[in-house]
Structures are given as C-alpha cells and as structure tokens.
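The structure appears right after this line, and notes come after that.
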There are 2 protein chains.
Amino acid sequence: MDLVSKADLVFKALADASRRDLLDRLRADNGQTLNQLCAGVPGMTRQAVSKHLAILEEANLIATVKRGREKLHYLNPVPIHEIAERWIGKFERSRLDALSDLKKALESGDE
Amino acid sequence: MDLVSKADLVFKALADASRRDLLDRLRADNGQTLNQLCAGVPGMTRQAVSKHLAILEEANLIATVKRGREKLHYLNPVPIHEIAERWIGKFERSRLDALSDLKKALESGDE
DNA sequence: ACAATATGCAACCTTTTGGTTGCCTGTCAA
DNA sequence: TTGACAGGCAACCAAAAGGTTGCATATTGT
C-alpha cells in the first residue's frame with residue numbers, strides 16, 4: 001500500500017487557503033492555464049502557483065491537459081466527493097449523538 | 001475580522017492524520033480523557049497528543065470539560081458539518097459539470 | 001500530610017511547507 | 001530564424017508544524 005494514503009493527500013491539499021482558492025476559481029472557470037490562474041493571485045510568483053497546482057494534481061484534485069505551449073487545468077471534484085462520503089459522512093451521521101453527549105457533559109459539569 | 005478564518009482552522013486541523021484519528025476515536029467513544037486518548041496512540045508522547053487536542057479545540061472540533069483532575073474531550077461535529085455544507089457542497093453540485101469539462105478536454109487532446 | 005495521578009507550560013529540535021530567485025526548455029508568430 | 005511567450009526545474013530560505021524532554025501545578029486516595 002502507499003506510504004501516504006490517498007485521503008491524506010486530499011486533506012493536506014485542502015489545508016491551504018491559496019489552494020482552496022485555486023479550486024474555487026477553477027470551479028468558476030474550468031480549464032484555465034497557469035498564467036490565467038496566476039493573474040488571479042497577485043503578489044505571488046508563477047512558480048509558487050505552479051507548486052500549488054502540482055500539489056493539487058498529486059492529490060488528483062485537478063487534471064491537466066497540455067495544449068501546445070500552454071497547460072490547461074481542470075477541476076476534478078471526485079476526491080472531494082469521496083472524502084465527503086467516506087469520512088465526513090460518518091461525522092454527519094453521529095452529529096446529534098455527539099451533541100447530546102456534549103450537552104449532558106456540560107450539564108453534569110454544572111452540579 | 002479574524003486573521004485566520006474559522007474554516008481555515010478546521011481545514012488545517014483536519015490536515016493531520018493523527019488528529020483525524022483522534023476525532024475518529026472520540027466518535028467511537030466520546031468523553032475520553034487525555035490519558036485514555038494517549039493509550040490509543042502508542043509511540044507518541046502525552047504532550048504531542050495534548051498539542052493535537054489543543055489544535056482540535058482551537059478549531060472548535062472538540063469541546064472539553066474539566067472534571068476534577070482530568071479533562072474530558074467531546075467531539076463537536078458541527079464545524080465538519082458546516083464545512084461539508086458550505087464548501088464541499090459547492091463542489092458536489094458542480095460535480096457532473098466539471099467531469100464533463102474534463103472529458104471534453106481529454107477528448108480534444110486526443111486529436 | 002504525602003505520594004501518586006492527570007494535566008499544563010515552555011524551551012528546544014528537526015522536518016515540512018510555502019515562497020523566492022535564477023536559469024533552462026519548448027512552442028508559436030512575424 | 002529569431003524573439004517573445006508559456007511553462008519546468010533546482011537551489012535556496014524563512015517560517016510553521018510536529019515532536020521531544022524537563023519541570024511545574026492541581027487533585028485525589030490512603
């Protein structure tokens with residue numbers, strides 16, 4: 001098996017606000033080039049953006065297509081979907097239980 | 001406004017596998033003490049676990065209740081729920097669109 | 001009272017992360 | 001063919017993250 005799990009790459013990729021922003025911008029306008037994406041993040045070099053995109057690609061959150069001298073970036077929402085289903089879903093299902101535990105604990109702490 | 005957004009704290013907290021594991025274990029057995037949680041992570045000092053718990057608490061993913069000399073940790077799934085609703089939800093909704101973009105791009109790349 | 005237990009605090013260390021600069025490669029257009 | 005344009009690669013750097021050790025503090029049971 002992998003040294004780092006697939007889910008871990010996705011969580012780590014999503015941990016950075018700049019990368020979440022890149023995903024947001026691809027969602028709004030899919031298939032942008034590196035330079036187009038750079039234009040939306042002033043105050044950051046092209047290489048920095050390129051590194052973020054590489055991390056997103058490693059996590060399979062984006063796919064790229066080379067078209068001549070430019071590289072088009074496409075959002076792949078599948079890993080986000082899987083994370084939501086497999087991991088967040090568990091917590092969704094136990095939401096009310098956990099809150100009732102919490103409430104009980106806080107009440108008994110008041111005694 | 002805050003220097004770091006609330007959502008950012010949650011994403012950052014979820015970025016570490018040990019912390020996700022702690023949440024998992026609290027979900028299975030809510031209200032554990034620090035030492036109980038340490039027992040489940042062999043090969044890590046109590047202080048390391050304590051730091052992870054502090055980060056989770058900072059992100060509001062757990063709430064704590066002091067009970068005598070021990071501190072009980074309770075899962076708070078609400079931030080996870082909010083993340084799922086506000087952020088992941090957007091990507092869920094655009095899932096098919098993005099995939100169709102991707103497919104089109106890959107096809108035209110084959111010409 | 002006192003020893004054991006449960007946790008907190010702080011300094012310190014190493015690795016990872018996010019970013020930069022500088023230069024190289026490939027592609028298009030005149 | 002020769003610039004200009006889009007992007008890749010590698011070295012380097014500062015700051016943050018993850019972890020440790022050592023000591024301090026508060027609570028509890030005997």
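Throughout, a chain's letter reflects where its sequence line sits, starting with A, and its residues are numbered from 1. In this text the structure is predicted, and so the values were computed from the model without any measurement.
Annotation: proximity of residues 27-56 of chain B to DNA chain D (heavy atom, distance under 4.0 Å) is found for B:G43, B:M44, B:T45, B:Q47, B:A48, B:K51, B:H52, numbered in ascending order.
Between the C1' atom of D:dG8 and the CD atom of A:E70 lies a distance of 15 Å, rounded to the nearest Å. The CG atom of A:D8 sits 14 Å away from the C1' atom of D:dG18 (whole-angstrom rounding). Across the protein-nucleic acid pair, B:L72 atom CG and C:dT5 atom C1' stand 15 Å apart, rounded to whole Å. Computed from coordinates, the A:R19 CZ to C:dT16 C1' distance equals 12 Å when rounded to whole Å. Rounding to whole angstrom units, CG of residue A:L14 and P of C:dT17 are separated by 14 Å. Between the CD atom of B:E58 and the P atom of C:dG8 there is a distance of 14 Å, rounded to whole Å.
Side chain of A:R19 to backbone of A:A13: a donor-acceptor contact under 3.5 angstrom is found. Looking at A:T33, its side chain does come within 3.5 Å of a backbone N or O of A:Q36 through a donor-acceptor pair. Of the possible polar contacts, none joining the A:N30 side chain to the B:D101 backbone as a donor-acceptor pair under 3.5 Å is found. Between the side chain of B:S94 and the main chain of B:D97, no donor-acceptor pair closer than 3.5 Å is present.
The hydrophobic cluster containing B:L72 does not contain B:V41, counting ILVMFWY residues as joined when their side-chain heavy atoms lie under 4.5 angstrom apart, directly or transitively.
To the nearest 0.5 angstrom, A:H73 atom NE2 is 6.5 Å from A:E57 atom CD. Atom-to-atom distance recorded for A:I55:CD1 and A:L61:CG is 11.0 Å, nearest 0.5 angstrom.
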Checklist entry - Which letters describe nucleotides 25-30 of chain C, given B = protein heavy atom under 4.0 Å from base, S = only from sugar-phosphate, - = neither? => result -BBB--
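In this structure, B:R25 does not pair ionically with B:D29, as no charged nitrogen and carboxylate oxygen lie closer than 4.0 Å. One finds no salt bridge joining B:R20 and B:D16 here, because no Lys/Arg side-chain nitrogen approaches an Asp/Glu carboxylate oxygen to under 4.0 Å.
The nearest heavy atom of DNA chain D to A:K12 and to A:H73 marks one nucleotide each, and the one closer to the 5' end goes with A:H73. Positionally, the nearest nucleotide of DNA chain C for B:K71 lies more toward the 5' end than for the other of B:K71 and A:S18.
A:I83 is not listed as a side-chain neighbour of A:L14, based on a closest heavy-atom distance of 4.5 Å or more. You'll find the side chain of B:H81 stays beyond 4.5 Å of the side chain of A:F91, heavy atoms only.
The end-to-end axis angle of the helix from C:dA1-D:dT30 to C:dA30-D:dT1, rounded to 10 degrees and based on five pairs per end, is 20°.
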